[in-house]
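Chain A is the first sequence line, chain B the second, and so forth, proteins listed ahead of strands; every chain is numbered from 1.
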Protein chains: 2
Amino acid sequence: MNIGEAAEATGVTAKMIRHYEQIGLIKAAGRTGAGYRVYGPNDLSTLSFIRRSRDLGFSIAQIRDLLALWQDRARASSEVKRIASDHIAEMRAKMRLLEDMVGTLEHLSANCHGDARPDCPILQQLATGNAETSCC
Amino acid sequence: MNIGEAAEATGVTAKMIRHYEQIGLIKAAGRTGAGYRVYGPNDLSTLSFIRRSRDLGFSIAQIRDLLALWQDRARASSEVKRIASDHIAEMRAKMRLLEDMVGTLEHLSANCHGDARPDCPILQQLATGNAETSCC
DNA sequence: GTGCACCTTCCCATCATGTCAAGGTCAAGC
DNA sequence: GCTTGACCTTGACATGATGGGAAGGTGCAC
């Protein structure tokens with residue numbers, strides 16, 4: 001199986017497959033006489049594993065660890081769970097940041113009439129750090 | 001005022017001030033005879049504006065537009081409001097993505113006993129795309 | 001006149017991914 | 001056999017915002 005087929009089968013682009021090989025996330029693929037990379041069922045499983053992990057937002061470093069655990073039959077599931085929990089915590093932290101920013105900005109936006117007039121509490125806040133809101 | 005003092009006063013690192021100058025987000029600062037950048041009150045206001053905008057998650061491109069509007073006395077507040085609304089929508093979209101990922105991962109994590117045993121629904125899901133959850 | 005803190009420019013790194021370019025390979029059709 | 005087009009190869013460069021560091025000039029206090 002060539003890289004293009006592997007890419008189509010797993011949803012990982014050929015570009016990224018080469019990249020993952022280069023950074024050592026996956027082992028170097030076999031080659032044909034002409035230098036084409038060749039992939040078998042095991043490789044496809046690994047690539048699909050990586051793609052699902054990326055879909056869940058895991059970083060390459062985390063995926064590296066998850067792959068190692070996956071291939072270790074004596075692994076403890078607590079290790080996996082810890083990585084997942086850490087990742088959940090990171091994502092929650094990002095969500096909180098976004099929530100705060102959205103909250104502030106919505107508040108400002110709600111007080112902006114948004115018409116042709118130039119005065120604007122959003123710019124006011126950005127300029128002075130202190131919005132003259134009429135609401136509270 | 002030198003760049004270090006300007007950095008301390010506004011919370012924008014000297015590194016980033018130089019960078020913002022280089023990409024044309026702010027106009028080139030004046031220089032002393034020795035080539036040191038010099039900043040005045042107006043420059044500090046601009047830098048603070050940028051920092052507050054970054055704190056609200058605006059991109060450099062958006063800040064460029066906001067700065068232009070800020071410095072345009074004839075601006076329409078509707079323009080500002082539109083930029084803010086777009087940004088809120090982007091942040092909400094990111095939050096939704098995170099929520100989905102967190103939801104899926106928490107579900108898997110809840111079904112992972114997380115002890116010394118090797119079987120693990122998280123890895124199961126990543127490997128097969130189909131978790132053998134016992135819950136539903 | 002020395003030492004130290006600060007400034008300058010320039011280059012490289014992050015993280016995951018995309019784009020582009022220049023060239024080699026394979027299979028099909030003529 | 002030769003051409004064509006799809007595919008492959010490597011390599012370089014870009015993104016966005018920021019950090020780090022090196023090598024060298026400047027300013028001020030002692």
Practice prompt. By nearest nucleotide on DNA chain D, pick out whichever of Gly33(B) and Ile60(B) is the more 5' one.
Written response: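 Checking each residue's closest nucleotide, the 5'-ward one belongs to Ile60(B).
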
From the list [options], which nucleotide is the closest neighbour of the side chain of [X]?
| X | options | result |
| --- | --- | --- |
| Tyr36(B) | dG27(D), dC8(D), dA17(D) | dG27(D) |
| Arg37(A) | dC7(C), dA17(D), dT9(D) | dT9(D) |
| Arg18(B) | dC10(C), dC7(C), dT25(C) | dC7(C) |

_What's the separation between atom CD in Gln125(A) and atom NE2 in His107(A), rounded to the nearest 0.5 Å?_
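Going from CD on Gln125(A) over to NE2 on His107(A), the span is 9.0 Å.
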
Specify the separation, in whole Å, of atom [atom1] of [X] and atom [atom2] of [N].
| X | N | atom1 | atom2 | value |
| --- | --- | --- | --- | --- |
| His19(B) | dT15(D) | NE2 | P | 10 Å |
| Ile3(A) | dA6(D) | CD1 | C1' | 15 Å |
| Glu5(B) | dC28(D) | CD | P | 11 Å |
| Ile63(A) | dT17(C) | CD1 | C1' | 13 Å |
| Lys15(B) | dC6(C) | NZ | P | 16 Å |
| Arg31(A) | dC26(C) | CZ | P | 13 Å |
| Ile17(B) | dG19(D) | CD1 | C1' | 15 Å |
| Tyr39(B) | dC6(C) | OH | P | 16 Å |

If you count every heavy atom of other residues, nucleotides or ligands that lies below 6.0 Å from Glu8(A) atom CD, does the total exceed 12?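 Atom CD in Glu8(A) is not packed in, count stays at 12 or less.
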
query = Is any side-chain N or O of Tyr20(A) closer than 4.0 Å to OP1 or OP2 of dT17(C)?
reply =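 Affirmative; the distance criterion is met.
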
**Q.** side-chain N/O Thr13(A) vs dG18(C) OP1/OP2, d < 4.0 Å
**A.**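 Answer yes for this pair, as a side-chain N or O of Thr13(A) is under 4.0 Å from OP1 or OP2.
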
Next on the checklist: Whether Arg82(B) and Glu79(B) form a salt bridge (side-chain N of Lys/Arg under 4.0 Å from carboxylate O of Asp/Glu) is what I want to check.
Outcome noted: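 Yes, charged N to carboxylate O under 4.0 Å.
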
Need one value for Thr32(B): base, sugar-phosphate or nothing, where a base atom within 4.0 Å counts as base even if backbone is also close, heavy atoms only.
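If one applies the 4.0 Å heavy-atom cut-off, Thr32(B) turns out to touch nothing in the nucleic acid.
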
Residue closer to the 5' end of DNA chain C, Met16(A) versus Ala34(B) (nearest nucleotide):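 Of the two residues, Ala34(B) wins.
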
| So among Asp55(A), Leu67(A), Val80(A), Leu56(A), which one has a side-chain contact (heavy atoms from CB on, under 4.5 Å) with Leu126(B)? |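 Running side-chain contact (heavy atoms from CB on, under 4.5 Å) over Asp55(A), Leu67(A), Val80(A), Leu56(A) with Leu126(B) returns exactly one hit, Leu56(A).
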
message = Tell me which one of Arg37(B), Lys27(B), Lys15(B) satisfies salt bridge (Lys or Arg N to Asp or Glu O under 4.0 Å) with Glu21(B).
response =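 Testing Glu21(B) for a salt bridge (Lys or Arg N to Asp or Glu O under 4.0 Å) against Arg37(B), Lys27(B), Lys15(B) leaves exactly one candidate, Arg37(B).
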
